[in-house]
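The structure under discussion appears below in the form of structure tokens.
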Amino acid sequence: MELTFWLLDPSYTVVEGVPEVRLWGITDDGRRVLVKDRGFRPYFYVLPKREADLSKLKENILALSLPDHPILSVEEVEKKYLGKPVKVLKVTCQQPPSIPTYREKVKRLSSVEEVLEADIRFYIRYMIDNQVEPCGWHQVKVREVPPSEAKGFKVDAVYEALEPPKPLPPAPPPKLKVLAFDIECYSETGTPKPHKDPVIIISVVTNSGDKRHFLADGKDDRKVLEGFVSFVKEFDPDVIVGYNSNFFDWPYLVDRAKKVGIKLDVSREGTEPQPSVYGHYSIVGRGAVDLYNYAEGLTEVKVKTLENVADYLKVMSKDRRTMIEYTELYRYWDDPSKRDLLLKYAMEDAESTFGIAEKTLPFLIQLSNLTGLPLDQVVAASVGFRVEFHLLRHAYLEGELAPNRVERPYSPYRGAIVLKPRPGIHENIAVIDFSSMYPHLMIKYNIGFDSYLPPGEPPPDEGFYEAPEVKHRFKKTPPSLYRRMLEKLLEARAKIREQMKGLDPHSPEYTILDNRQQAVKVLANASYGYLGWVGARFYMKPCAEATAAYGRQTIMKANQLAKEYGLDVIYSDTDSLFVKYEEGKVEEFINRVEKEVEIELKVDKIYSVLFFTEAAKKYAGLLSDGTIDVVGFEAVRGDWCSLAQEVQTRVLELVLKEKSVQAAVRYVQDVVTKLRKGEVPLKELVIWKTLTKSFEEYEVEAAHVTAAKKLLEAGYGLEVGDKVGYVIVKGPSDKLADKAMPYIMVKPEDVDYEYYATRQVVPSALRVLRYFNVKEDELLAGRKQTSLFDFT
DNA sequence: GCGCTAATTATACCT
DNA sequence: ACAGGTATAATTAGCGCG
């Protein structure tokens, strides 16, 4: 029979010595199913040395075969390696776990140059080779496995694939069952530890409208764990989402369940959550998604707490949230009069998580489908790996072998051009930029690891492109794999955007397409950086270096033409030009540049008023709708206290919009006065900085590090990558590092308000106001003198 | 040892 | 673990100095 299903989660196992790929999915009629395929075998490639005798090598490899998990075959196949045709041996084995062993043995054979693609996970290999796509629809010929033989699989039906599934054209995903959860633990001393601290609450929200708590019995958490497990089994979610669940909830639940003797068998094959690739927890048959991974990509949110992210995504407003300090949680559990509040708080966490999932899953589903990484993995994988898996799919289709991942020393190269801005206020400025400059340059000059012509190699008849300055050469034909891949991505995006035009922006069709085009954009934009990443399989520095060099040439050309057209360039960074907007001239200029460099150029924004300091990468501009863009300034940097950010934002508003330096000065003076009187909430004085390495690795004493040490002493778990919130207090010495206190330990009377006045508020205001002759003294003096002139 | 500047370290931003 | 370019603050090293 034929079955149509949408692939949610791939896994595999070895049954009776045979590898079995397991495709967990949802059918077009809404049944949860498992499709098993025992027809696929793991393999790797052997690149022989040039002088090697292939038939001899074949024999030598086969001689390594062990009876328990044999080598099934060694065939000679034609492939390409970095664009060059090669004869390689494909070594097919019986069992995936034997691959690493055979790889090591084969590698040591004298006539072997390299072993390739031995480290690609079995079910990923299966999907690549059969063009099976995660989060995509497929059709497959199957035989149903009788229910009596399918016990232990928590699905509506189990099938055996008679041949590999075939992908179907893109269509909307099925209705997925989504469950969001969050746990609270009981700890009187800092971060809870699973060996001693129980789970007291698990709150759950589902998209069937269910919201409920599971509670511990006092400090006995057996009931809460059991309740949760049986609820998961009963609701049977396709996707389970948490927030920081990879680092907290799942490992904690697993440890706790073990400790109290409860089986956390929440997967669709009755197994526990397992730690897996990219630091994520996998639950077989479901998509376990940690939305913190998604939040890591939101650069606009500086401190990525659940509350902040939910607020930013308009899922749950921050000022309407029930907040309880982590240190206080246990008191709320112990005190019957406060417990309801704790339950409310816990539920709001689950609701926020659920809300974020609703908004982000459609995009993540598209990203999974496009890259070929399973949903749970694609969320956890970094940008580099997303690009890489997408690339692996292309490489396979074109017969290109994937190089091995090797450790390389960091090796930087020259990048883009940034011009110094013209400081001060400007009016009517257009920001013109090249669309997707790097991808288009790579296409135009056929850049790629397979088209690269190393020094000394004779050029082909068809000719080559030679990059400026760096002189790297690339064959003009055939089109590089990178070029074809990027063309596909850019075409796909253009097509999607065309389709979107006819649709209502609020319709589900529109949303799906929008998510798809965003996913495509992510990949296209990261493709240039990937080639210069020393961790990349397809690392090829000359490609990245040449692309950057062409980029410099292109923007320089545009700058030169702007001058010829009488356009005043005020600033330029990488692929953008800020020019005085003169309508006719700008259009003519754009046409000319497009003709010369063959890359689309467009007016991105027009600022009615724009402000620059002497510094590059910082500006603030007023748009016609009255909004102000702030770029690069302290106001958008997460390592300044929010009071200083607020002050700078307001100052920019007063200067750009109200055009009143005087009002800005008065405003700052008022804030300074208030600050000195202690009338500013402590919260606004917290400075957040990331702990980027372990304590021992720091070479100097930094404020956030000393604050972090104090947190650690008090029992709080802190890890590399965490943000430390501290406040500067009147300290034992003048050294700032000695005066930094974790904000949760600070009393308002301890605060060093002079620090905030002289090192936070006034500097951030002065960054702008000093261009209008405002002096530090004036701002610090409080409101006395009336000031100065306006620039208008 | 003191007071200064220059160099180094550390972070977060922009395209 | 996508890239390089840039700004900025704070700490530390280095230097002159009876």
Residue of the set A:Asp752, A:Thr706, A:Asp750 for which side-chain hydrogen bond (donor to acceptor under 3.5 Å, both in side chains) holds with A:Lys739: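 Answer after filtering A:Asp752, A:Thr706, A:Asp750: A:Asp752.
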
If you only use heavy atoms from C-beta on, which nucleotide in [options] is closest to the side chain of [X]?
X: A:Lys689; options: B:dT11, C:dA1, C:dT12; result: B:dT11
X: A:His704; options: C:dG4, C:dT11, B:dA10; result: B:dA10
X: A:Ser382; options: C:dA1, C:dT8, B:dT15; result: C:dA1
X: A:Glu699; options: C:dT6, C:dA10, B:dA10; result: B:dA10
X: A:Val636; options: B:dC14, B:dT15, B:dT9; result: B:dC14
X: A:Arg637; options: B:dT11, C:dA3, C:dT12; result: B:dT11
X: A:Lys693; options: B:dT11, C:dA10, C:dG4; result: B:dT11
X: A:Trp640; options: C:dA9, C:dA1, C:dT6; result: C:dA9
X: A:Asp575; options: B:dT15, C:dC2, C:dA7; result: B:dT15
X: A:Tyr619; options: B:dC14, B:dA10, B:dT15; result: B:dT15

With respect to the phosphate group of [N], does any side-chain polar atom (N or O) of [X] fall under 4.0 Å of OP1 or OP2?
X: A:Tyr410; N: C:dG4; value: yes
X: A:Arg414; N: C:dA3; value: no
X: A:Lys735; N: C:dT12; value: yes
X: A:Thr690; N: B:dA12; value: yes

Nearest-Å distance, [atom1] ([X]) to [atom2] ([N])?
X: A:Glu701; N: B:dA10; atom1: CD; atom2: C1'; result: 14 Å
X: A:Arg405; N: C:dA1; atom1: CZ; atom2: C1'; result: 9 Å
X: A:Leu577; N: B:dC14; atom1: CG; atom2: P; result: 19 Å
X: A:Tyr530; N: C:dG4; atom1: OH; atom2: P; result: 15 Å
X: A:Glu634; N: B:dT11; atom1: CD; atom2: P; result: 18 Å
X: A:Ile447; N: C:dA3; atom1: CD1; atom2: C1'; result: 14 Å
X: A:Arg537; N: C:dA1; atom1: CZ; atom2: C1'; result: 15 Å
X: A:Glu614; N: C:dG5; atom1: CD; atom2: C1'; result: 18 Å

Side chains of [X] and [Y], donor plus acceptor under 3.5 Å:
X: A:Lys541; Y: A:Ser411; result: yes
X: A:Tyr530; Y: A:Glu388; result: yes
X: A:Glu466; Y: A:Tyr445; result: no

side-chain contact (heavy atoms from CB on, under 4.5 Å) partner of A:Val647, the single match among A:Leu652, A:Val668, A:Leu779, A:Val672: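 Running side-chain contact (heavy atoms from CB on, under 4.5 Å) over A:Leu652, A:Val668, A:Leu779, A:Val672 with A:Val647 returns exactly one hit, A:Val668.
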
Heavy atoms under 4.0 Å, any strand shown: does [X] hit a base, just sugar-phosphate, or nothing?
X: A:Tyr755; answer: sugar-phosphate
X: A:Tyr571; answer: nothing
X: A:Ala616; answer: sugar-phosphate
X: A:Lys723; answer: sugar-phosphate
X: A:Thr692; answer: sugar-phosphate
X: A:Tyr413; answer: sugar-phosphate
X: A:Tyr698; answer: sugar-phosphate
X: A:Ala703; answer: nothing
X: A:Ala702; answer: nothing
X: A:Lys541; answer: nothing
X: A:Val387; answer: nothing
X: A:Tyr278; answer: nothing
X: A:Arg759; answer: sugar-phosphate
X: A:Arg767; answer: sugar-phosphate

5' precedence on DNA chain C between A:Gly535 and A:Leu419 (nearest-nucleotide basis): A:Gly535

Pairwise 5' ranking along DNA chain C for A:Gly529 and A:Val418, keeping only the more 5' one: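 Result of the comparison: A:Gly529.
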
side-chain hydrogen bond (donor to acceptor under 3.5 Å, both in side chains) between A:His280 and A:Asp376, worked out: CA-CA 8 Å; A:His280 96 293; A:Asp376 58 347; 3.0 Å; yes

Under 3.5 Å donor-acceptor, A:Arg537 side chain and A:Pro403 backbone: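 Side chain of A:Arg537 to backbone of A:Pro403, a donor-acceptor pair under 3.5 Å: yes, one is there.
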
Electrostatic pair A:Glu634:A:Arg637 at N-O distance under 4.0 angstrom: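 So A:Glu634 does not pair with A:Arg637 through a salt bridge.
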
